[in-house]
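Computed from a prediction, not measured in an experiment: that's the story for all the values here. Here is how names work: the chains are called A, B, and so on, in the same order as the sequence lines, proteins then strands, and each is numbered from 1.
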Amino acid sequence: METKDRELLLHFYEDMLRIRFFEEKVRDVLLPQRLFRGSSHLYIGQEAIAVGVTHALRDDDYVISTHRGHGHALAKGVDPYAMFSEIMGRTTGCCQGYGGSMHLADASRRFVGEDPVIGSNSPIAAGLALAVKQRGSDQVVANYFGEGAVNAGAFHEAANLAALWQLPVLFLCENNLYAISVPVEQSSAIQDLENRACSYGLAGRRVNGQDVMAVYNAAREAVAATRQQSRPSYLVFDTYRFEGHHTADKETYRPAEEAVEEFRARDPVHLLEKAMIDDHTVDIPTTIAYRDRVREEIDAAFDRAREAPWPAPEQALRFVYTESEVR
Amino acid sequence: METKDRELLLHFYEDMLRIRFFEEKVRDVLLPQRLFRGSSHLYIGQEAIAVGVTHALRDDDYVISTHRGHGHALAKGVDPYAMFSEIMGRTTGCCQGYGGSMHLADASRRFVGEDPVIGSNSPIAAGLALAVKQRGSDQVVANYFGEGAVNAGAFHEAANLAALWQLPVLFLCENNLYAISVPVEQSSAIQDLENRACSYGLAGRRVNGQDVMAVYNAAREAVAATRQQSRPSYLVFDTYRFEGHHTADKETYRPAEEAVEEFRARDPVHLLEKAMIDDHTVDIPTTIAYRDRVREEIDAAFDRAREAPWPAPEQALRFVYTESEVR
Amino acid sequence: MEKGRMRNLTMTAALNTALREEMRRDETVIVMGEDIGVYGGVYGVTIGLQREFGPDRVRDTPISEMAIAGMALGAALGGLRPVAEIMYCDFLAHAADAIVNNAAKWRYMSGGQYALPLVVRSPAGGGGGTAAQHSQSLEAWFTHIPGLKVVMPSVPRDARGLLKAAIRDDNPVVFIEHKHHYTYKGEVPAEEEIIPLGVADVKRAGTDLTVVSWSRHLTLCLEAAEILAAEGISLEVVDPRTLQPLDLATICQSVAKTGRLAVVHEAVLFGGFGGEIVAQVVQECWGDLKQPPLRIGAPFCPIPYSEPMESFVIPQVTTIVDRLRAYLA
Amino acid sequence: MEKGRMRNLTMTAALNTALREEMRRDETVIVMGEDIGVYGGVYGVTIGLQREFGPDRVRDTPISEMAIAGMALGAALGGLRPVAEIMYCDFLAHAADAIVNNAAKWRYMSGGQYALPLVVRSPAGGGGGTAAQHSQSLEAWFTHIPGLKVVMPSVPRDARGLLKAAIRDDNPVVFIEHKHHYTYKGEVPAEEEIIPLGVADVKRAGTDLTVVSWSRHLTLCLEAAEILAAEGISLEVVDPRTLQPLDLATICQSVAKTGRLAVVHEAVLFGGFGGEIVAQVVQECWGDLKQPPLRIGAPFCPIPYSEPMESFVIPQVTTIVDRLRAYLA
Ligand SMILES: Cc1ncc(C[n+]2csc(CCOP(=O)(O)OP(=O)(O)O)c2C)c(N)n1
Ligand SMILES: Cc1ncc(C[n+]2csc(CCOP(=O)(O)OP(=O)(O)O)c2C)c(N)n1
Ligand SMILES: [Mg+2]
Ligand SMILES: [Mg+2]
């Protein structure tokens, strides 16, 4: 294995661990201790997608995410401390406590934001891509959504327009088999979701979303095509939601064994770890060192965020409009 | 030619003439004499579609139409007098003057109504088909729309659901090349519109919309499949809008020759007439007799409607709610 | 009215009861929406219905709000009585065309040919940290649209009786619940009870001030009334229950008695339904009013996520008490 | 302000001028919507723009209102200043999610990280027989949403100056025109003029009654004022011009002088923006008011097609005159 590849794999590994540990902290500490409000949608099990995709992007490429966006944000380089702070409603949050788990945003990282209104983030992504194109820039816009979103009218309108106007958007569908409780068989008229954009002439490509290398390679090709030819790409990642839809979900709708047996075996972090160990990219002590380091980083971010200040109540009245109104 | 076929052709002919003469009356009399308000969207040039489709339907099948629905209504048997009255805002109108040209409806003819909100009529059609299915009936629902509508989110949601739930809807796309001024090349990412429903597993079929027999045959097959298998069908009819988008359209966006040369030659009424004469189904005196009779019928309906009473102003307050509110 | 056996039910259970009773009574009643089948709805309102009535009558949909509402309308035209659930009232925005442009007007545009027996249920409101896009109170949008009825129950008994009336109504009804009020409990008669749309209910009699409120905020006003009663201030709390049609007569009757009006709602004050009530009462009861009516509602900002800010924005019992006390001082 | 050369322009020409001037000034301004290119918009507002600025900056879209508004929002986030046209304000219902749930709140939810310089233009109103789905006046929906500004010009000068201000504004603006007022003519300065959002204009000074109105109905009120002046009744006609932000101070100043308020709008009276104005004025000017404020608006029904019925529903000059005369009698 070339050093470059080794480095890349270790980057993947670190980034996936960061997401995993972040989400485990949300699940195991924030949730039972009631340190956040509303609901939080965990990315556990889907880490390979955000990490593989983001490594195929440039730093100045844009990301428009969903309600399940912690992983997308972390992969794009949003600070875990700012994210924990936000999820716990503190002024040090990336949105100063106005947004919470479902509205993380960091303009400086070009993590444009989460938009939890299903389907509605695709027109926004297409519009951003229009601006990019109009500016003559070669940035691309990565638009994540769940398989539930392809049934929303807004997705359809955006996909048609992006294809028609040849806009540099990556439509990235994470098919984790469920939209809350509704299995994909009960939401989509066809099951080969890579064909859900044939109506717009978009040849979708189906990718194993548990294999970070597969994700990365597919994303690299798609990003290159989108960037060079200024046109949309459409990728569908097969994945699985390891946890409930959100942190309060009792998961009455899916058989317990399903989660345990078939899918646990496809844990993307374990798969990568195993692959790296098997082909001697790393040894076990190295993986342990990585795990320890990232876990410490996450622990520290959380501990610091937990002590961060709350916004004053009347701060609620800020940011409704810009101050400068006429240029 | 069998007598049965001859009869059918003469039915087509008569029904197409009725639409043509009705619309010419709107264009040549109602418009210049300012006998209607708002706008009226003429069906001239597309008659073969409504007539071919309707002959493939049963009387108790439903039709949900568009802003360009005079032809759909007439083909389904709505009374020209009630339609002229409606378009001129009289109490004798099929909607008593509440609806006008864009909201014609006649429940007794199962002409459920026009819905001029582009795209929005498809969910209504699918819902009606759901009711039909739930009731155990074998009726079908014919849902007309223009090629502009396939880009609307509501169409997408309805098509997916109709395919998913296997609802007896016929999605009937009349591709007349323009949505107001926007040519189909500038609205749809793909030009083979029969593929605009591949995302839902609906194999579309493209049909020559100027040839009433072709329309009838395609519609018959589609209706049979939809009725027997309780599932949606999707047909795209190639056609052309002979007149402006609506009665006030100056048509600055399309070259004058286009309309005159290439398309006038595909006038569905002339095509049928010529075919019938060429193969001796009818002779010229017969066509003249038909034309005279239908024209008289339309003239009489118009003359009568023109004398029909206006609604009293305060009638506006009726029909907002039903009178009987709790059963 | 108070006689007969009562059961203590949550709002959720009361709504579930209404749906179940109406589905048993009339097989044309169907329920459709996201996650309403096995899952029983994200707030549990449809729990058990799919088991009892089967997947044909209790239909899980894809995430397609335009189609949920549009198909409900079509199904109503086709002879069913659909009850559609839109998971959050914010997403009524997606369904607005079907509800407002089509359902509300279809009967009218057809010159009275059709009836549209259709209910769209949706939870509104904030208070639990669901932030700007899952917390709005948009009743004012729908009260403004001729052809729609708008129901906003505040207690389980009303929730059950009004939902039954809404389902039996031949007109499109927007039925707005409150997502942080589902566990609120109250007495519900074991027997059938239909509460007619358009009839307000005086939830507490009093003499000093008429307070009009609805949905969850009505119950906060009742708490405020209790607190103020201890100070010798007597509030009459009127619950319109349906905002459209609005029972203005009951409100005016109360104002005639108290001479004062306060309207309290969770929605943004500016452009909220409180303005309509004030304008109508000022018109009708000018001579009775001893001072200008008071409106309490959210300030002009979206709902923020963080707790201190959200509690500042959504009127709390203490705020209501303070504002009413100051108003009467 | 009145000095300098003036041109007599229609509303259409004034709006077209504003777009053209802003597009010349700032190349990030783009225009998108259905039929706005070669066709120049169904009401002609964008005529000639595509020829001057090319198809990249003047973009004909498919019939995809969700995407038109959502993409405008995305484009604003990406550094453009999009002006989207929704062909009929009724179809703002399709765009409502993008406008209300996303554009209005994106800045807020992000804790102030973004500005959203975005205008959505749309013609509202009836009067020409376009019936129930192409005639609504839905401004009340948008005035209720924090984060949006709402502009409704009544005369060409304001139309041009306010549209320019709206385009330069860093917040999402819903700019509502009136489809039967496009040919209305008025003086427009040849020179650049920006009319700030949030500043009302007293269109006619008077002493007996403050009439607040906007959009096409403001000009009907001016006609009514002329007629009543002949009878010795003096109306002060105030045009808020922007409903959000609302310049309450100017209205109250007028009411302090006249002691009376009437609000006149085309929208359905019930739940219309008039209620908000009345409620605010009653609150602020209680002591000044000599009688309860009057509201004139459409009765509670959709817009019917047939002429006699439509004219009955939409307040006409004669109705306004009669109602105001009776009110002052
Ligand atoms: C327009 C809209 N409708 C409903 C919801 C409620 N909702 C939140 S997440 C979700 C399921 C999303 O499923 P999917 O797109 O597959 O993403 P996943 O949660 O599986 O990542 C739903 C229905 C919403 N947020 N937006
Ligand atoms: C949702 C919506 N947006 C815009 C319009 C305005 N409009 C009326 S007809 C039309 C063009 C429709 O084109 P198409 O679907 O091809 O039908 P055609 O007129 O060609 O028969 C448009 C944009 C509308 N009625 N509804
Ligand atoms: Mg999913
Ligand atoms: Mg067309």
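Although no hydrogens or angles enter the test, the distance criterion places a donor-acceptor pair under 3.5 Å between the side chain of B:Arg37 and the main chain of D:Tyr305.
Note that CE of D:Met309 is 10.0 Å distant from CH2 of B:Trp310, once rounded to the nearest 0.5 Å.
Heavy-atom pairs under 4.5 Å with chain B peak, among D:Gly128, D:Gly37, D:Gly40, D:Cys301, at D:Gly128. Counting heavy-atom pairs closer than 4.5 Å to chain B, the top-ranked of the candidates D:His134, D:Met66, D:Glu65 is D:His134.
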Checklist entry - Step by step, would you call B:Ile180 with D:Met87 a side-chain contact (heavy atoms from CB on, under 4.5 Å)? => result CA-CA 12 Å; B:Ile180 307 189; D:Met87 195 183 288; 3.7 Å; yes
Next on the checklist: The test is side-chain contact (heavy atoms from CB on, under 4.5 Å); show your working for D:Ser306 and B:Glu86 and say whether it passes.
Outcome noted: CA-CA 8 Å; D:Ser306 184; B:Glu86 186 59 37; over 6 Å; no
Next on the checklist: Please evaluate residues D:Asp35 and B:Ser181 with respect to the criterion side-chain contact (heavy atoms from CB on, under 4.5 Å), reporting the C-alpha separation (whole Å), side-chain torsions for both, the decisive distance (0.1 Å), and the verdict.
Outcome noted: CA-CA 6 Å; D:Asp35 303 284; B:Ser181 72; 2.7 Å; yes
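In this structure, the ring of D:Tyr39 has its center less than 6.0 angstrom from the ring center of B:Tyr253.
In this structure, the side chain to side chain contact (heavy atoms under 4.5 Å, CB included) partners of B:Glu243, at least two apart in sequence or on a different chain, are B:Arg27, B:Leu42, B:Ile44, B:Arg264. Residues satisfying the side chain to side chain contact (heavy atoms under 4.5 Å, CB included) criterion with D:Thr319, sequence neighbours excluded, are D:Gln316, D:Arg323.
By a heavy-atom distance cut of under 4.5 Å, B:Gly148, B:Asn151, B:Ala152 are the residues of residues 147-159 of chain B near chain D, going up by number. Within residues 48-56 of chain D, no residue has a heavy atom under 4.5 Å from a heavy atom of chain B.
Within the 4.5 angstrom heavy-atom criterion, atoms from both the backbone and the side chain of B:Phe36 approach chain D. With a 4.5 Å cut-off on non-hydrogen atoms, B:Gln96 touches chain D through its backbone but not through its side chain. For B:Thr91, no part sits under 4.5 Å from any heavy atom of chain D, backbone or side chain. For chain B, the nearby part of D:Glu310 is the side chain; its heavy atoms alone come within less than 4.5 Å. Residue D:Ser64 touches chain B through both its backbone and its side chain, counting heavy-atom pairs closer than 4.5 Å. In this structure, chain B has heavy atoms under 4.5 Å from both the backbone and the side chain of D:Phe300. When heavy atoms are compared at a cutoff of 4.5 Å, D:Ser135 does not approach chain B at all.
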